Number of protein chains: 2
Amino acid sequence: MKDSYHHGDLKSTLIDAGVKLLSESGMEGLSLRKLAREVGVSHNAPYMHFADKEAVLAAIAEQGFLLLGEAIDAGQLQLSDQSIEARLQAAAQSYVNFALNHPDHLMVMFGKLDSAAYPDLIETAHATFNKLVTIMQVGHQSGTLVDQPAEQLAMLFWTNVHGLSALLIAQKIPEYARQKLTNEAITTWSIQMLLTGILRN
Amino acid sequence: MKDSYHHGDLKSTLIDAGVKLLSESGMEGLSLRKLAREVGVSHNAPYMHFADKEAVLAAIAEQGFLLLGEAIDAGQLQLSDQSIEARLQAAAQSYVNFALNHPDHLMVMFGKLDSAAYPDLIETAHATFNKLVTIMQVGHQSGTLVDQPAEQLAMLFWTNVHGLSALLIAQKIPEYARQKLTNEAITTWSIQMLLTGILRN
DNA sequence: ACCTGAACACCGTTCAAGT
DNA sequence: ACCTGAACACCGTTCAAGT
């Protein structure tokens with residue numbers, strides 16, 4: 001706050017402030033001018049480091065994928081057992097938990113960004129995705145998973161937990177469908193169904 | 001355009017214009033003032049019919065759930081066979097198809113709306129959800145589905161197709177995970193996995 | 001190189017006024 | 001009741017100017 005001139009790392013300071021603003025005031029509360037004000041800098045100092053607002057959002061999104069990846073890793077470290085079921089259940093809880101704690105951040109991460117224009121964002125998102133692929137590969141090695149490409153299984157898992165997160169955030173799940181289940185219980189049940197299938201066998 | 005004064009149904013005219021603007025210019029292109037201009041009315045005539053911009057978005061979202069419901073119904077009418085597999089595959093294709101054709105509309109539908117403030121929106125969304133519940137109930141009657149509440153199975157299906165749609169729209173699925181599969185093939189494969197599970201049996 | 005202030009075209013919303 | 005125009009406080013972005 002003191003030397004607003006030349007304070008070294010305005011770029012990452014702006015990103016951090018953006019993440020903070022996002023969790024406080026939500027998506028619509030995030031403006032470039034407010035961001036600059038927050039950091040104590042003129043309203044177009046950000047343009048020294050970002051082409052436009054979308055570029056700032058892309059950087060914030062990238063930060064989100066990093067945090068999500070860390071959350072998944074943290075969950076994998078405290079497993080009760082090493083089975084694929086336990087791994088996937090832990091990863092699912094990490095994902096949904098992150099989503100519910102940072103709904104607006106998730107929105108930016110999956111918003112309409114010209115992703116081709118932000119290679120760093122793509123790379124980080126893929127790195128996070130790869131954590132899921134790795135889990136599926138472990139499942140393959142132990143012979144517990146169906147014989148399908150690990151990448152596709154990871155994608156399937158991702159679509160599941162992401163869709164669940166989106167519906168929980170948007171509160172689009174009718175109460176009569178929730179049956180008093182907690183978010184955690186719904187997540188556990190969903191993964192269980194994904195593992196065993198919904199067809200009677 | 002002639003008698004801009006008293007043209008009868010400004011409310012639904014605005015909603016239709018909003019849906020059109022959404023598919024043409026995307027989310028950021030949708031402003032109340034532009035909407036009014038498009039319809040040929042003063043920039044705050046919309047306030048005669050809507051409390052604020054969010055209320056307009058809620059109405060547009062509701063229209064989206066109606067269209068999505070119709071798309072699902074249409075898909076169910078041209079089934080090759082009546083099995084639960086065929087029904088769910090058709091519903092999934094309808095959903096993903098709608099999502100890819102109206103990505104910004106879907107975003108509004110699942111955006112952050114104070115859903116409690118828009119009971120009509122909730123009701124319409126639930127009505128669309130109920131179409132999925134009905135399909136699951138049919139599955140239960142034919143004894144082909146696992147013994148779990150139809151509402152929860154519908155929710156599981158919904159999270160699947162919605163998550164898949166979101167990831168396809170955001171282009172967050174790495175090419176190496178797609179394996180040259182078309183969107184339709186990915187959808188078919190995902191539902192197949194959901195039906196049979198990903199655990200080796 | 002890094003930052004600022006003035007300026008431009010837009011926005012959502014409010015309000016007094018018109019028919 | 002329905003619509004309008006002026007006004008306010010905010011945006012994102014550009015540009016000439018300052019250090």
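Every chain is numbered from 1, with letters handed out A, B, ... down the list of sequences. In this text the structure is predicted, and so the values were computed from the model without any measurement.
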A:Glu123 atom CD, over 12 foreign heavy atoms within 6.0 Å =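 No, because the 6.0 Å sphere around CD of A:Glu123 holds 12 heavy atoms or fewer from other groups.
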So, are B:Lys20 and B:Glu38 salt-bridged, with charged N and O less than 4.0 Å apart?
yes
- Assert yes or no for the condition that the ring centre distance of A:Phe65 to A:His126 is strictly below 6.0 Å. no
request  = Is it possible for you to check whether B:Lys11 lies under 6.0 Å from the centre of the six-membered ring of B:Phe50, through NZ or CZ, and within 45° of that ring's axis?
outcome  = yes
Would you say A:His49 places a side-chain N or O within less than 4.0 Å of OP1 or OP2 belonging to C:dA1?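 For A:His49, the contact criterion (side-chain N or O under 4.0 Å from OP1 or OP2 of C:dA1) is not met.
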Is it true that [Y] and [X] share a donor-acceptor pair across their side chains at a distance under 3.5 Å?
X       : Y        : answer
A:Glu54 : A:Tyr118 : yes
B:Ser12 : B:Asp9   : yes
B:Gln63 : B:Thr124 : no

Rounded to whole Å, NZ of B:Lys11 lies from P of D:dA1 at a distance of 16 Å
Taking Watson-Crick and G-U wobble contacts under 3.5 angstrom, with | marking pairs to another strand and [ ] crossing pairs, the secondary structure of DNA chain D is written ||.|||||...|||||.||
Parallel, tilted or perpendicular: rings of B:Phe129 and A:Tyr176 (30°, 60°):
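Rings of A:Tyr176 and B:Phe129: tilted, as their planes differ by 30° to 60°.
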Between N or O atoms, less than 3.5 Å apart, protein on one side and nucleotides 11-14 of chain D on the other: list the pairs.
{"unit_1": "D:dC11", "atom_1": "OP1", "unit_2": "A:Ser31", "atom_2": "OG", "d": "3.3"}
{"unit_1": "D:dC11", "atom_1": "OP2", "unit_2": "A:Arg37", "atom_2": "NH2", "d": "2.8"}
{"unit_1": "D:dC11", "atom_1": "O5'", "unit_2": "A:Ser31", "atom_2": "OG", "d": "3.3"}
{"unit_1": "D:dG12", "atom_1": "OP1", "unit_2": "A:Leu32", "atom_2": "N", "d": "2.9"}
{"unit_1": "D:dG12", "atom_1": "OP1", "unit_2": "A:Lys53", "atom_2": "NZ", "d": "3.2"}
{"unit_1": "D:dG12", "atom_1": "OP2", "unit_2": "A:Leu32", "atom_2": "N", "d": "3.1"}
{"unit_1": "D:dG12", "atom_1": "OP2", "unit_2": "A:Arg33", "atom_2": "N", "d": "3.1"}
{"unit_1": "D:dG12", "atom_1": "N7", "unit_2": "A:Arg33", "atom_2": "NH1", "d": "2.5"}
{"unit_1": "D:dG12", "atom_1": "O6", "unit_2": "A:Arg33", "atom_2": "NH1", "d": "2.9"}
{"unit_1": "D:dT13", "atom_1": "OP2", "unit_2": "A:Tyr47", "atom_2": "OH", "d": "2.9"}
{"unit_1": "D:dT13", "atom_1": "OP2", "unit_2": "A:Lys53", "atom_2": "N", "d": "3.0"}
{"unit_1": "D:dT13", "atom_1": "O5'", "unit_2": "A:Tyr47", "atom_2": "OH", "d": "3.2"}
{"unit_1": "D:dT13", "atom_1": "O4", "unit_2": "A:Arg33", "atom_2": "NH1", "d": "3.2"}
{"unit_1": "D:dT13", "atom_1": "O4", "unit_2": "A:His43", "atom_2": "NE2", "d": "3.4"}
{"unit_1": "D:dT14", "atom_1": "O4", "unit_2": "A:Asn44", "atom_2": "ND2", "d": "2.5"}

